[in-house]
> 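My structure is below; once you've seen it, I'll send some questions.
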Protein chains: 2
Amino acid sequence: MNVDTGVGMGMTIGDAAKASGVNAKLIRYYESIGLIPEAGRTASGYRVYGPSEVNVLRFVKRARTLGFGIERIQRLVGLWQDRSRCSSEVKRVALEHIDELEAKIAELAAMRDTLRELADACHGDERPECPILRDLAG
Amino acid sequence: MNVDTGVGMGMTIGDAAKASGVNAKLIRYYESIGLIPEAGRTASGYRVYGPSEVNVLRFVKRARTLGFGIERIQRLVGLWQDRSRCSSEVKRVALEHIDELEAKIAELAAMRDTLRELADACHGDERPECPILRDLAG
DNA sequence: ATGGAGCTTCCAGCCATTGGAAGGTCAAGG
DNA sequence: CCTTGACCTTCCAATGGCTGGAAGCTCCAT
């Protein structure tokens with residue numbers, strides 16, 4: 001492969017996957033939903049990636065690791081590539097996400113706390129009597 | 001409606017929904033995936049529910065509220081209706097779920113902590129410089 | 001020339017739900 | 001008796017963020 005795009009060596013989707021940590025299937029998916037722009041193609045139809053596309057993929061990967069949803073990542077990529085951005089906009093996106101994380105954490109922690117209490121009260125032996133089931137049965 | 005099933009009044013799916021807190025659509029779905037047994041039917045094909053079916057629905061609802069997945073709820077319902085169960089089995093199911101909740105909470109909390117640090121370091125003003133984007137860009 | 005690795009597209013499934021369309025049924029009011 | 005409208009039925013599609021597989025094409029080394 002190694003198609004010369006004029007600004008450096010082009011890599012296949014597999015190479016871009018290795019370089020970015022985003023697997024090939026997912027790269028195609030991201031392209032299909034418009035999260036990343038359509039990749040260039042060789043004459044035979046293979047997608048071609050350069051260093052800057054790989055950087056975008058790495059950015060997306062890191063953002064996903066932090067739990068951002070696709071839509072927000074789209075906004076973040078847009079801001080990242082906008083030299084006249086305000087950091088306040090970026091911060092707002094981050095704070096929104098933090099709020100959602102907090103809400104989810106609180107929800108899960110409430111479940112855990114309730115269950116912990118019920119499990120602590122359960123003898124966990126061969127007898128049928130069980131506070132967990134008593135609670136679930138209302 | 002009010003079909004006499006011989007053990008009390010039968011209710012429609014809408015009444016069962018109101019009585020259990022599980023909406024009609026979801027009741028049908030639960031039946032379709034085998035979480036709950038197939039409901040009886042009137043001559044004209046309407047599903048019929050009695051008090052014990054409503055109790056199962058309430059049990060399922062409560063278990064979902066505690067975050068249990070469908071498969072585990074199936075096990076819990078089975079144990080609930082098994083008079084020769086061991087409470088240790090119920091407890092094991094609960095503890096498995098607690099472990100998963102803990103893992104998820106830890107994952108989300110790690111995201112939140114990282115983001116909080118980045119957001120705290122971000123000026124959030126009209127300038128483009130932003131630690132959040134710097135982090136994401138690697 | 002052949003083999004196999006890698007590329008292409010498309011389709012389907014995961015989880016637990018929700019929404020909608022198209023059509024049948026029931027009870028109340030005129 | 002007939003209409004209205006609330007309810008019921010089934011089926012199909014979408015959500016988010018992937019993952020897997022099938023069928024077919026291309027590239028490169030042997």
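Every chain is numbered from 1, with letters handed out A, B, ... down the list of sequences. Since we're looking at a predicted model, the values are computed, not measured.
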> With a 3.5 Å cut-off and heavy atoms only, can you find an N or O donor on one side and an acceptor on the other between the side chain of A:Lys25 and the base of D:dG17?
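A donor-acceptor contact between them is absent.
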> What integer distance in Å separates B:Tyr46:OH from C:dG24:C1'?
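After rounding, the gap between these two atoms is 7 Å.
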> Quick check: closest heavy atoms across A:Leu76 and A:Val90, and the distance to 0.1 Å?
CD2-CG1, 4.1 Å
> Working to the nearest 0.5 Å, report the span between NZ of B:Lys61 and CG of B:Asn23.
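It is 8.0 Å, given to the nearest 0.5 Å.
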> Tell me: CZ of B:Arg28 to P of D:dT9, nearest whole Å?
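Value for this atom pair: 5 Å.
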> Assign B:Ile33 to base, sugar-phosphate, or nothing according to its heavy-atom contacts below 4.0 angstrom with the strands shown.
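If one applies the 4.0 Å heavy-atom cut-off, B:Ile33 turns out to touch nothing in the nucleic acid.
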> May I ask you to verify whether the side chain of A:Tyr30 and the base of D:dG17 hold a donor-acceptor pair under 3.5 Å?
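Under the 3.5 Å cut-off, the side chain and the base do not form any donor-acceptor pair.
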> Separation of A:Leu26 atom CG from C:dT8 atom P, in whole Å?
14 Å
> Expressed as a whole number of angstroms, how long is the span from A:Tyr29:OH to C:dA12:P?
17 Å
> Any side-chain N or O of B:Arg41 less than 4.0 Å from the OP1 or OP2 oxygen of D:dC8?
no
> Between B:Ser44 and D:dT9, does any side-chain N or O lie under 4.0 Å from OP1 or OP2?
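Negative; the distance criterion is not met.
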> Testing the 3.5 Å rule here: is there a donor-acceptor pair between the side chains of A:Asn55 and A:Ser52?
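No, no side-chain donor-acceptor contact under 3.5 Å.
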> Would you check if there is a donor-acceptor pair between the side chains of B:Ser87 and A:Asp125 at a distance under 3.5 Å?
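A:Asp125 vs B:Ser87: donor-acceptor pair found between side chains.
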> Output yes when at least one side-chain N/O atom of B:Arg72 is less than 4.0 Å from OP1 or OP2 of C:dC15, else no.
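Checking C:dC15 against B:Arg72, no side-chain N or O comes under 4.0 Å of OP1 or OP2.
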> Rounded to whole Å, how long is the line connecting atom CD of A:Glu71 with atom P of D:dT15?
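These atoms are roughly 12 Å apart.
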> Any side-chain N or O of B:Thr12 below 4.0 angstrom from OP1/OP2 of D:dC8?
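So the side chain of B:Thr12 is within the cut-off, an N or O lying under 4.0 Å from OP1 or OP2 of D:dC8.
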> Output the rounded distance in Å from CG (B:Asp15) to P (C:dC26).
15 Å
> Below the 4.0 Å mark, does D:dT10 have OP1 or OP2 next to a side-chain nitrogen or oxygen of B:Arg47?
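Looking at the OP1 and OP2 atoms of D:dT10, one of them is under 4.0 Å from a side-chain N or O of B:Arg47.
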> On DNA chain C, compare the nucleotides closest to A:Ala24 and B:Asn23; which residue's is nearer the 5' end?
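Residue closer to the 5' terminus by nearest nucleotide: A:Ala24.
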